[in-house]
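Note sheet for the following structure.
Values reported hereafter were calculated over all heavy atoms of this structure, with side chains retained and with hydrogens, waters and symmetry mates removed. Here is how names work: the chains are called A, B, and so on, in the same order as the sequence lines, proteins then strands, and each is numbered from 1.
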Amino acid sequence: MLMSQLYAPTLRETPAEAEIASHRYMLRAGLIRRTAAGIYSYLPLGLKVIRKVEAIIREEMNRIGCQEVLMPIVQPSELWHETGRWADYGPEMFRLVDRNNREFCLGPTHEELITALIRSEVRSYRQLPLRLYQIQNKYRDEIRPRFGLIRGREFIMKDMYSFDRDEEGLNNAYWDAYHAYERIFARCGLKTRPVEADSGAIGGDETHEFMVLADSGEALIVYCPDCDYAANVERAEYRFVSQKNEAAPLELEEVATPNAATIAEITAFLGVEAADCLKTLIYVADGKPVAALVRGDHELNEIKLQKVLGCQTLELAGPDIIERVTGAPVGFAGPVGLEVPIIADRCVMDMVNCVAGANKADYHLKNVNIGRDFNVTTTADIRMVEEGDLCPKCGTAMDSARGIEVGQVFKLGTKYSAALKATFLDENGKEQPLIMGCYGIGVGRTVAAIIEQHHDENGIKWPMSVAPYHVIVVPVSIKDEKQAQAAEEIYTALQAAGVEVVLDDRNERPGVKFKDADLIGFPIRITIGPKSLENGNAEITLRQTGERFEKPISEITDYVLGLIEG
RNA sequence: CGGGGCGUGGCGCAGUUUGGCUAGCGCGCCUGCCUUGGGAGCAGGAGGCCGGAGGUUCAAAUCCUCUCGCCCCGACCA
C-alpha cells in the first residue's frame with residue numbers, strides 16, 4: 001500500500017470530543033470517525049485492526065470446538081416476550097416497527113435467538129455438547145455513550161453460547177472459554193485480569209469478567225496481592241473480623257445540627273469521626289420502603305442489598321417518600337423509631353454510641369445504641385469493599401484498580417432454555433432443559449484497550465499481532481532518485497515475502513512522515529536516508545522500544561520476517 | 001433523567017457580556033516557488049446562510065422564545 005493512496009486521514013490536533021488516549025488516537029490516526037453519539041465508522045486502518053482481533057478470536061474459538069454462525073441484527077419481539085426481556089430491557093433497547101406494525105428490536109444480545117434457533121433442531125443428548133458463536137453488531141441505547149469504542153451504542157461483539165446436558169458439561173465449556181479468553185487477550189498483547197463479577201440482569205450463576213487494567217477503566221476492582229482472588233467491587237467480598245467497641249453505652253442525646261445533612265457536614269459540625277456515624281439510606285424495594293444502615297465511612301453496595309432483600313427492583317427513595325417514612329427531610333434519617341424493615345451492614349453491629357439522624361429536621365441523635373434504641377430486621381454484608389479490606393481467601397489486605405471489561409464468561413444454567421422450552425431427551429428418554437453458558441468479547445473495546453496499554457505521547461504502539469501493517473518504509477526524500485529506488489526495492493521485496501507494508505511515497509518533509517508513522521503506530525519503520533544508503537544500509541526503528549539500528553538492504557527482508565515471527 | 005458546558009470553513013478556537021463596516025485567527029486543503037533526518041519558508045487561492053425555526057430591531061453570530069445535536073459529571077448499565 002502506498003501512503004499517498006491510503007485513506008488514513010490523520011489529524012494534527014485532537015478533536016474536542018476525545019478524553020482518553022485510545023479515543024484520541026483512534027480519531028487522530030484515522031482509524032475511526034464518529035457518525036452519531038456512540039456510533040462510529042471504521043476507516044481502513046481501524047477495520048484492519050478489528051479484523052486481526054477477530055481472526056485471533058476465531059482461531060481460539062475454533063480451537064475449543066466452537067462453530068461460527070451469524071444471526072440477524074433485527075429481531076422480532078415475540079422471542080423477547082417469551083423470556084420477559086421485552087419489558088425488562090427497558091429504554092436501553094432500540095425498538096422499531098415494520099410497515100405492518102409488527103415490533104422488532106435491534107439485538108442487544110442474542111440469547112433468545114440462539115436458543116430459539118437450536119430448540120427446534122436439538123432433540124437428543126447425542127447432539128450435545130454444542131458450542132456456537134458469532135461476531136456480530138450489537139445495539140444498546142446506552143444512557144451515556146463515551147470514550148469512543150469503549151462504550152458505544154453500536155458495537156461489535158463476539159458472543160459464544162454453549163449447550164450441555166449437565167453441569168459437568170457446562171463446567172467444561174466455561175473453563176474452556178475462560179482459558180481461550182486468556183490466550184486471546186495475551187495474543188492481542190493485553191495484560192488482563194479475570195475477576196469474579198456479578199451476573200447482573202442477564203441472569204446466571206458463576207461469572208468472570210476479563211479486565212484490562214487501565215486508569216481510564218469504568219470498572220473498579222479489588223484484588224489480593226498474595227493470592228489469585230480478584231473481583232469487581234459490585235461483587236467483591238472481604239474477610240470480616242468483628243471489632244466490638246467495648247465502651248459503655250452513654251445516654252441518648254438529641255442535638256441540633258442545622259443544615260448538616262451529609263456525613264461530611266455532620267462530622268465537621270459535631271467533631272466526630274465518620275466511622276462513628278450511622279448512614280441511614282431509605283430505599284424502595286419492590287414498591288415497599290426499607291432502611292439500610294452502613295457505617296458513615298462505608299459505602300452501600302446496592303447489588304448486595306438487593307440480594308439480601310431478594311427483590312426485583314431497588315431504588316433510592318425520593319424526598320417525598322423519605323419524608324413520609326422518617327418524618328424528616330433528606331439528610332436527617334436515623335434508625336430510631338423507624339417503622340420500616342431495617343437492614344444493617346454487619347460492621348454496624350460493632351458500633352457503640354453512634355451519631356444518627358433524629359428523623360426530625362435539623363436534629364441528630366448522639367449515643368445511639370443497637371438493641372437499646374432500635375432493633376435491626378436483618379444483618380448482612382451490604383457494603384462496598386474498599387482497598388485495604390482483607391482478602392476473603394487468604395486474609396491479606398487487598399489493593400484496588402480500575403479496569404476496562406473486555407470479556408465476560410457466564411454460566412447461564414437453564415434460565416433461557418426453560419423460558420424458551422429448549423429441551424432434549426436424555427438417555428432415559430426424559431425431557432430436560434439445556435444447560436447453557438454464554439461468553440462475550442467486545443471487539444472494538446478490545447482494540448481500544450490495546451491502545452490504552454500501548455501508546456506514548458506520539459501515538460499508538462501496536463503489538464505486532466494486531467498492527468494494521470507491520471512495516472512502513474520511509475525514504476527521507478522521495479525526490480532523491482537513489483532513496484526512492486532503494487525504498488521501492490525494499491517495499492517490493494517485503495510485499496513478495498508476505499509482509500504487510502506501506503511505502504510512504506508522499507512528497508513531504510521527513511518530520512511529517514515520521515510523525516504520521518509514530519501516530520499510526522507501525523511496529524517497524526524502515527528509514528532510507530542519504531547517510532546509511534551510502535553504505536548500502538537502511539535503518540530500522542522499532543516503535544515499541546524506540547531501538548534503532550542499520551542493516552544491509554539485502555538482509556532487510558529476512559530480518560523483518562524474524563521480527564514479525566517474534 | 002438531574003447538574004454543568006458547547007454548537008462559528010475539515011480540525012482547534014476568538015468574536016456573543018455592551019447588537020453596527022466586508023465574520024476573524026492557527027492548523028489542514030489547492031497552485032507555484034523553495035525545502036527534505038522529527039509536523040519548514042515565501043507568494044497566491046478556495047472554503048462559512050455563525051446547528052435549525054420563529055421573534056425583537058433601521059440593523060442579529062451577538063438579545064428573546066422554541067427546537068435539534070454534542071460533550072463532561074452523576075444516577076444507571078453485559
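Nucleic acid contact class of A:R506 (heavy atoms, under 4.0 Å, all strands): none. As judged by a 4.0 angstrom heavy-atom cut-off over every strand, A:D518 is placed among the base-contacting residues. Within 4.0 Å of A:G529, counting heavy atoms only, lies at least one base atom of the nucleic acid. Residue contacts shown for A:R33 are absent, as no nucleic acid heavy atom lies under 4.0 Å away. Using a 4.0 Å heavy-atom cutoff across all strands shown, A:T541 reaches no nucleic acid atom at all. Using a 4.0 Å heavy-atom cutoff across all strands shown, A:R445 reaches no nucleic acid atom at all. When heavy atoms are screened at a 4.0 angstrom cut-off, A:P530 is found touching base atoms of the nucleic acid.
Of the residues in residues 214-222 of chain A, not one comes within less than 4.0 Å of RNA chain B through any heavy atom.
Across all strands shown, the partner of B:G26 is B:C11, judged by Watson-Crick or G-U wobble contacts whose two distances both fall under 3.5 Å. Shown here, B:G48 forms no base pair; nothing in the strands shown gives a Watson-Crick or G-U wobble contact with both key distances under 3.5 Å. The nucleotide B:G41 finds its pairing partner in B:C33, both defining distances of the Watson-Crick or G-U wobble pair being shorter than 3.5 Å. Using Watson-Crick or G-U wobble geometry with both donor-acceptor distances under 3.5 Å, B:G2 finds its partner in B:C73. Remark: B:G19 base-pairs with no nucleotide in the shown strands. Criterion, Watson-Crick or G-U wobble with two distances under 3.5 Å. Across all strands shown, B:A53 forms a Watson-Crick or G-U wobble pair, both distances under 3.5 Å, with B:U65.
In this structure, A:E19 atom CD and B:C71 atom P are separated by 11 Å, rounded to whole Å. The nearest whole Å value for the distance from the CE atom in A:M384 to the C1' atom in B:A75 is 13 Å. As a whole-Å value, the separation of A:I20 CD1 from B:C72 P is 10 Å. Between A:E481 atom CD and B:U36 atom C1' there is a gap of 15 Å when expressed in whole angstrom units. At whole-Å resolution of the value, CE in A:M93 and P in B:C77 are 16 Å apart. Computed from coordinates, the A:F549 CZ to B:G37 C1' distance equals 18 Å when rounded to whole Å. Distance A:K513 NZ to B:G37 C1': 10 Å, rounded to the nearest Å. A straight line from CD of A:E302 to P of B:G74 spans 15 Å, rounded to a whole angstrom.
The aromatic ring centroids of A:F549 and A:Y559 lie less than 6.0 Å from each other. Taking the six-membered ring where the residue is Trp, the centroids of A:Y178 and A:F210 are separated by under 6.0 Å.
At the phosphate of B:C77, neither OP1 nor OP2 sits under 4.0 Å from any side-chain N or O atom of A:R151. Taking 4.0 angstrom as the limit, A:R146 places a side-chain polar atom (N or O) nearer than this to OP1 or OP2 of B:C73.
When side chains are defined from C-beta on, A:E218 does not count as touching A:E405, because their heavy atoms never get closer than 4.5 Å. Put simply, the side chain of A:N458 reaches to within 4.5 Å of the side chain of A:K515, judged on heavy atoms. Side-chain contact between A:T14 and A:L27 is absent, with no heavy atoms from C-beta onward closer than 4.5 Å. When side chains are defined from C-beta on, A:I472 does not count as touching A:D516, because their heavy atoms never get closer than 4.5 Å. For the pair A:I343/A:Y283, no side-chain contact is recorded, criterion being any heavy-atom separation below 4.5 Å from C-beta on.
In terms of the side chain to side chain donor-acceptor pair (under 3.5 Å) criterion, A:R28 has no residue partners (sequence neighbours excluded). Residues forming a salt bridge (Lys or Arg N to Asp or Glu O under 4.0 Å) with A:D480 (at least two apart in sequence, or on another chain): none. The salt bridge (Lys or Arg N to Asp or Glu O under 4.0 Å) search around A:D88 returns none, not counting sequence neighbours.
Rounded to a whole angstrom, the distance from the C1' atom of B:G10 to that of B:G20 is 31 Å. Taking the C1' atom of each, B:C1 and B:C11 are spaced 33 Å apart, rounded to whole Å. Going from the C1' atom of B:A14 to that of B:C6 covers 15 Å, rounded to whole Å. Comparing B:G39 with B:G28, their C1' atoms sit 11 Å apart, to the nearest whole Å. Comparing the P positions of B:G7 and B:C63 gives a spacing of 12 Å, expressed to the nearest Å. The separation of B:C25 from B:U36, taken at their C1' atoms, amounts to 29 Å, rounded to a whole angstrom. B:G45 sits 41 Å from B:U56 when the P atoms are compared, rounded to a whole Å. Going from the P atom of B:A59 to that of B:G48 covers 26 Å, rounded to whole Å.
When distances are taken from the side chain of A:P510 to each of B:C70, B:G74, B:G37, the shortest belongs to B:G37. For A:R34, whose side chain is taken as the heavy atoms from C-beta onward, the closest listed nucleotide among B:C77, B:G37, B:C71 is B:C71. Listed nucleotides: B:C77, B:G37, B:G39. Nearest to the side chain of A:E539: B:G37. In this structure, of B:G39, B:C71, B:C76, it is B:C76 that holds the atom nearest to the side chain of A:I143.
No donor-acceptor contact under 3.5 Å links the side chain of A:E508 to the base of B:G39. For A:R144 against B:G3, no side-chain N or O and base N or O form a donor-acceptor pair under 3.5 Å.
Considering every non-hydrogen atom in both A:A21 and A:E452, the closest pair reads N-OE2, 3.6 Å.
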Notebook entry, point to check: So A:S162 and A:Y439, side chain to side chain donor-acceptor pair (under 3.5 Å) or not? Walk me through it.
Noted result: CA-CA 8 Å; A:S162 66; A:Y439 316 86; 2.8 Å; yes
Next item on the list: Evaluate the criterion salt bridge (Lys or Arg N to Asp or Glu O under 4.0 Å) for residue pair A:K513 and A:E508; output intermediate values, then yes/no.
Entry: CA-CA 7 Å; A:K513 292 185 274 199; A:E508 289 285 357; over 6 Å; no
Next item on the list: Heavy atoms under 4.0 Å is the rule here; annotate nucleotides 5-14 of chain B 5' to 3' with B where the base is hit, S where only the sugar-phosphate is, and - elsewhere.
Entry: ------BSS-
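Heavy-atom distances to RNA chain B give each of A:I528 and A:I441 a nearest nucleotide, and the one nearer the 5′ end belongs to A:I528. The residue among A:N507 and A:Y89 whose nearest nucleotide of RNA chain B lies closer to the 5′ end is A:N507.
Among A:E111, A:E112, A:Q75, the one residue that satisfies the side chain to side chain donor-acceptor pair (under 3.5 Å) test with A:W80 is A:Q75.
When only modelled atom types and interatomic distance are considered, A:Y174 and A:H208 share a side-chain donor-acceptor pair under 3.5 Å.
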Polar atom pairs between nucleotides 40-46 of chain B and protein, under 3.5 Å, N or O only, would you list them?
unit_1 : atom_1 : unit_2 : atom_2 : d
B:A40  : N9     : A:R509 : NE     : 3.4

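A cation-pi arrangement, defined by a distance under 6.0 Å to the six-membered ring centre and an angle within 45 degrees of its axis, is present between A:R525 and A:F514.
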